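From a predicted model like this one, the values you see are computed outputs, not experimental measurements. Read the numbers this way: they start at 1 and go in the same order the structure lists the ligands and their atoms.
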Amino acid sequence: MTVHAQPATLAFPDARRVVEERALTLHPGHAELAPLLRSRGRVLAEDIVADRDFPPFPRATRDGYAVRSADLAVLPATLKIVGEVRAGSRLVGLLGRGEAAEIMTGAPVPEGADAVVMLEHTARQSAGVVVARAVAAGENIVPTGSEARSGQLLLERGTRMGFAEIAVAAGVGKAQVSIYRPPRVGILSTGDEIVDVEAHPGPSQIRNSNSYSLSAQVEAAGAEPVRLPTAPDDPVVLKHLIEEGLALDLLLLTGGVSMGKYDLVEQVLTEFGAEFFFTGAQIQPGRPVVFGRAWRGSGAASATFFFGLPGNPVSTMVTFEIFVRPVLDALCGAPPGKLRFLTARLGREVLVKTGLTRFLPARLSGEFERTEVELVRWQGSGDAAAMARANCFLVVPPGRERIASGEMVSVLLR
Ligand code: AMP
Ligand code: MG
């Protein structure tokens with residue numbers, strides 16, 4: 001087994017680029033057929049194509065009267081009512097000159113008609129309907145096939161299914177869709193002080209919250225978390241559990257990646273021929289984050305990617321969001337996603353040291369043009385409760401040490 005040289009800590013954009021590039025080399029697992037609603041958050045393994053024209057008929061978008069627009073050249077115009085078209089019905093025959101059909105939203109516009117006059121601009125009389133306003137040809141009608149033509153690609157393989165995508169699939173009659181099996185993600189917490197959530201912690205022990213936050217994040221990313229037993233800071237036990245984790249599709253370790261005497265994760269990973277893509281990022285929180293791949297056992301044919309996430313709960317959460325997600329996207333069968341930022345006005349001045357890209361727990365409040373963001377009170381990377389008070393990360397570029405209140409700043413949603 002080869003032990004690779006460890007590259008240095010990377011600037012955030014470089015570390016991010018490494019993750020995205022490596023993610024592109026990964027492939028999803030097998031496809032399976034699932035009931036449409038079970039596809040939510042998962043990734044399509046088939047193309048979804050329009051099975052007919054959308055809409056399948058010229059659709060009225062207003063309640064009113066289907067007319068020939070040319071009949072309204074002189075106003076007011078009185079038209080003869082020849083029938084009624086409700087959604088789900090249709091009027092057979094051609095609408096003749098001087099004629100109108102009462103029509104409801106969603107109903108097919110009869111042949112011969114080329115516009116719909118809104119009910120509001122009409123008055124019903126014994127002689128027929130009196131129209132007070134002209135309409136242009138095509139007004140209040142969505143033409144046949146204008147949203148999509150039969151056979152047109154609507155959702156590409158690799159699309160992650162949200163509610164809009166599920167609506168599209170339902171619209172073309174896909175009660176079942178082919179989706180990729182979610183990748184299985186090993187979650188391995190390390191640390192002598194870490195005890196299970198059910199246990200009664202001793203005075204210097206800490207409950208394992210990272211396995212839970214990570215499981216929740218993995219599930220939210222459409223993958224399947226596999227929580228492994230907590231590893232003590234003991235190379236033999238750690239090695240055994242890492243081996244178990246490397247048998248899965250991705251391994252996430254937390255803790256044990258800092259410079260401390262008992263931070264053994266990197267050392268034990270090298271026993272699996274680990275190749276480190278980076279061993280730190282110039283970020284806060286999360287600086288000691290590690291990314292690489294290791295072989296599943298001696299002589300193994302395939303490697304498994306791993307992340308060593310710092311053990312501090314906020315660092316674990318942040319590094320998952322900014323680095324692990326693209327890799328999970330790829331393993332799920334989707335193109336690795338970009339981080340999505342928005343800008344908001346800073347509510348209260350921010351003072352930091354330069355040199356690191358910071359992702360600080362913050363809270364967005366207000367709506368529309370009054371949206372504001374402020375840091376939440378926090379005691380540093382160990383403060384999970386601060387993260388729970390936050391609803392986003394305020395991004396501070398490495399060159400800034402003071403951002404004045406009122407400035408527009410970047411915000412990463414979570
Ligand atoms: P480490 O990265 O191992 O140096 O750990 C940094 C800090 O995070 C220490 O205070 C640990 O007690 C804490 N920590 C590590 N792992 C966990 C975990 N699984 N759950 C909660 N806190 C943790
Ligand atoms: Mg530790």
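- Cation-pi contact between R59 and F54: absent, since separation from the ring centre below 6.0 Å together with deviation from the ring axis within 45° is not met.
- Side-chain atoms of E20 never come within 3.5 Å of backbone atoms of R17 as a donor-acceptor pair (strictly under, hydrogens ignored).
- Remark: R90 fails to qualify as a cation-pi partner of F57 under the 6.0 Å distance and 45° angle criteria applied to the six-membered ring.
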Between ligand 1 and the protein, find all N/O pairs closer than 3.5 Å and give the distance for each.
unit_1   : atom_1 : unit_2 : atom_2 : d
ligand 1 : 2 (O)  : G311   : N      : 2.9
ligand 1 : 3 (O)  : G256   : N      : 2.9
ligand 1 : 8 (O)  : G311   : O      : 3.2
ligand 1 : 8 (O)  : N312   : N      : 3.1
ligand 1 : 12 (O) : E193   : OE2    : 2.6
ligand 1 : 14 (N) : G311   : O      : 3.2
ligand 1 : 19 (N) : S189   : OG     : 3.3
ligand 1 : 19 (N) : N208   : OD1    : 2.9
ligand 1 : 19 (N) : N210   : ND2    : 3.4
ligand 1 : 20 (N) : S209   : N      : 3.1
ligand 1 : 20 (N) : N210   : N      : 3.3

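- Ion pairing between a basic and an acidic side chain is recognised when a charged N comes within 4.0 Å of a carboxylate O; E349 and R402 show such pairing.
- Taking the charged nitrogens against the carboxylate oxygens, E407 and R400 do have a contact shorter than 4.0 Å, which makes a salt bridge.
- Ring centroids of F278 and F323 are separated by less than 6.0 Å, placing the two rings close together.
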